[in-house]
K.L.:
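One structure, as structure tokens, below. Some questions next.
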Amino acid sequence: MQDKPTPPRHIAIIMDGNGRWAKGRGLPRTVGHKAGAENFRKIATYCKNIGVKYLTVYAFSTENWKRSEVEVSAIMTLLKRYLLEAVDSMERDRIRLHFFGDMTPISPELRALARETDGISGRLAADDFQANVCLNYGGRDELLRAARRFAADCAAGRRYPNELDETLFSSYLDSAGIPDPELIIRPGGEQRLSNFLLWQCAYAELYVTDTLWPDFGERELDQAIAAFQRRDRRFGGVKESET
Ligand code: IPE
Ligand code: IPE
Ligand code: MG
């Protein structure tokens, strides 16, 4: 049997298709979100086991507030349940948990849980597996928040506009200190980023599959990684054989 290809260090997933998955079964959309949350647990564990270092998942976008109150609160309840579980298990499983996004409009209860998981993550080793959950996240919002904070630092005399370069700007983003994802996977078939990781996606390989997120299993992830390994990543250069 062939060895599995070495996985990318950082994989990002747009967890899309929960609603269609439920609808296809004649079930309410919220049931699809529950199945999606269960799949996240499974795929995060699998990523950790195969040696992926960072997994960033899009759980709720700055645009997802447009959905019904019932759907939004079902998603928040699932997140709360996940965080309660994580508080009990992440130290044992050596999983660090981090949030990307503007947490201000998130309920105080969820924010307190996120602070708790942050505290536990801080006690784990820096090279332990890290899951980043994007919650009330939008790539444009992240860039604006970063720009505002940099401007405030300049106004306070802590920074100078001329010293701003890609490295310094990256340190103001939610993803500060985390390498860019090499691979972005979108289940659910849509060929767009929907405001996900707009800065970090610059040279990410994109992989879209029609499989809906609750059905996206370990074999599908293996296939995505294998496809990634076959890509020719040139980063704007030319291959030596073509010079
Ligand atoms: C992704 O699944 C989850 C969130 C956006 C919160 P969707 O709920 O968008 O599922 P579809 O795209 O309607 O099938
Ligand atoms: C993207 O999915 C956001 C998440 C998966 C959290 P959407 O379902 O919101 O994206 P669009 O509306 O199809 O672009
Ligand atoms: Mg969708």
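Note that ligands are numbered from 1 as they come in the structure, with each ligand's atoms numbered from 1 the same way.
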K.L.:
Specify whether an N/O/S atom of E190 falls short of 2.8 Å from the Mg ion (ligand 3).
P.N.:
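E190 does not place any N, O or S atom closer than 2.8 Å to the Mg ion (ligand 3).
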K.L.:
Establish, from distance only, whether the side-chain atoms of H33 and E71 form a donor-acceptor pair under 3.5 Å.
P.N.:
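There is such a pair (donor and acceptor under 3.5 Å, judged by atom type) between the side chains of H33 and E71.
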K.L.:
Of the protein's non-hydrogen atoms, which lies at the shortest distance from atom 13 (O) of ligand 1, and what is that distance?
P.N.:
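I find the closest protein heavy atom is R29 NH2, 3.0 Å.
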K.L.:
Quick one: does R96's side chain get under 4.5 Å of F129's, heavy atoms only?
P.N.:
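Contact flag for R96/F129 side chains = no.
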K.L.:
Verify the neighbour count for atom CZ of R233: are there more than 12 heavy atoms of other residues, nucleotides or ligands below 6.0 Å?
P.N.:
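Atom CZ in R233 is packed in, count exceeds 12.
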K.L.:
What are the atoms of ligand 1, with element, lying closer than 4.0 Å to any heavy atom of N64?
P.N.:
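Matching atoms, with element in brackets: 5 (C), 6 (C).
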K.L.:
Less than 3.5 Å between some nitrogen or oxygen of F60 and one of ligand 1, yes or no?
P.N.:
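No - when backbone and side-chain N and O of F60 are compared with those of ligand 1, no distance drops under 3.5 Å.
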K.L.:
Show me which atoms of ligand 1 lie under 4.0 Å from any heavy atom of R20.
P.N.:
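Listed by number with element: 11 (P), 12 (O), 14 (O).
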K.L.:
Between N132 and H98, do the side chains contain an N or O donor and an N or O acceptor separated by less than 3.5 Å?
P.N.:
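No donor-acceptor contact under 3.5 Å links the two side chains.
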K.L.:
Taking only heavy atoms of I75, which atoms of ligand 1 are found under 4.0 Å from at least one of them?
P.N.:
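Counting atoms of ligand 1 from 1, those under 4.0 Å from I75 are 6 (C).
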K.L.:
With a 4.0 Å cut-off on heavy atoms, is K23 touching ligand 1?
P.N.:
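Heavy atoms of K23 never come under 4.0 Å of ligand 1.
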K.L.:
Can you tell me which residue and heavy atom of the protein come closest to atom 1 (C) of ligand 1, and the distance to 0.1 Å?
P.N.:
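Heavy-atom neighbour on the protein nearest atom 1 (C) of ligand 1: M15 O, 3.0 Å.
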K.L.:
Is the count of non-hydrogen atoms from other residues, nucleotides or ligands lying under 6.0 Å from E163 atom CD greater than 12?
P.N.:
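Buried by this count: over 12 neighbours within 6.0 Å.
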K.L.:
If you have a sec, work out which protein heavy atom is nearest atom 10 (O) of ligand 1 and how many Å separate them, to one decimal?
P.N.:
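Among all protein heavy atoms, the one nearest atom 10 (O) of ligand 1 is G19 N, 2.9 Å.
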K.L.:
Can a non-hydrogen atom of G17 be found less than 4.0 Å from any atom of ligand 1?
P.N.:
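Contact check G17 vs ligand 1: positive.
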K.L.:
Can you find an N/O atom of W21 closer than 3.5 Å to an N/O atom of ligand 1?
P.N.:
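Among all N and O atoms of W21, none is under 3.5 Å from an N or O of ligand 1.
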K.L.:
How close does the nearest protein non-hydrogen atom get to atom 14 (O) of ligand 2, and which residue and atom is it?
P.N.:
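In this structure, atom 14 (O) of ligand 2 has S194 OG, 2.6 Å as its nearest protein heavy atom.
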K.L.:
Taking the six-membered ring for Trp, are W213 and F40 closer than 6.0 Å centroid to centroid?
P.N.:
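Between W213 and F40, the centre distance exceeds or equals 6.0 Å.
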K.L.:
Which atom, among the N/O/S set of D16, is closest to the Mg ion (ligand 3)?
P.N.:
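Answer by atom name: OD1.
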K.L.:
State the atoms of ligand 1, each with its element, that fall below the 4.0 Å cut-off from a heavy-atom position in D16.
P.N.:
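Counting atoms of ligand 1 from 1, those under 4.0 Å from D16 are 1 (C), 2 (O), 7 (P), 9 (O), 10 (O), 11 (P), 12 (O).
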K.L.:
When you look for heavy atoms under 4.0 Å from ligand 2, do you find them on the side chain of A59, its backbone, both, or neither?
P.N.:
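It is the backbone that gets close, since no side chain atom is under 4.0 Å.
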K.L.:
Answer yes or no: does atom CZ of R140 have more than 12 heavy-atom neighbours from other residues, nucleotides or ligands under 6.0 Å?
P.N.:
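Not buried by this count: 12 neighbours or fewer within 6.0 Å.
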K.L.:
Can you tell me if E205 and Q229 form a side-chain donor-acceptor pair at under 3.5 Å?
P.N.:
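There is no such pair (donor and acceptor under 3.5 Å, judged by atom type) between the side chains of E205 and Q229.
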K.L.:
Work out which heavy atom in P179 is nearest to a heavy atom in R9; give both atom names and the distance.
P.N.:
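Closest approach of P179 to R9, heavy atoms only: CG-NH2, 3.4 Å.
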K.L.:
Out of R67, E190, K66, R192, who gets a non-hydrogen atom closest to atom 7 (P) of ligand 2?
P.N.:
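Result: the heavy atom closest to atom 7 (P) of ligand 2 is in R67.
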K.L.:
Looking only at side-chain N and O atoms, does W199 offer a donor or acceptor that is under 3.5 Å from a partner on D180?
P.N.:
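The answer is no; no qualifying pair exists.
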K.L.:
Below a 4.0 angstrom heavy-atom separation, can you tell me which part of E63, side chain or backbone, both or neither, approaches ligand 2?
P.N.:
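The answer is neither.
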K.L.:
Looking at side-chain heavy atoms only, is the closest gap between I50 and I225 below 4.5 Å?
P.N.:
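Yes; the side chains approach each other to less than 4.5 Å.
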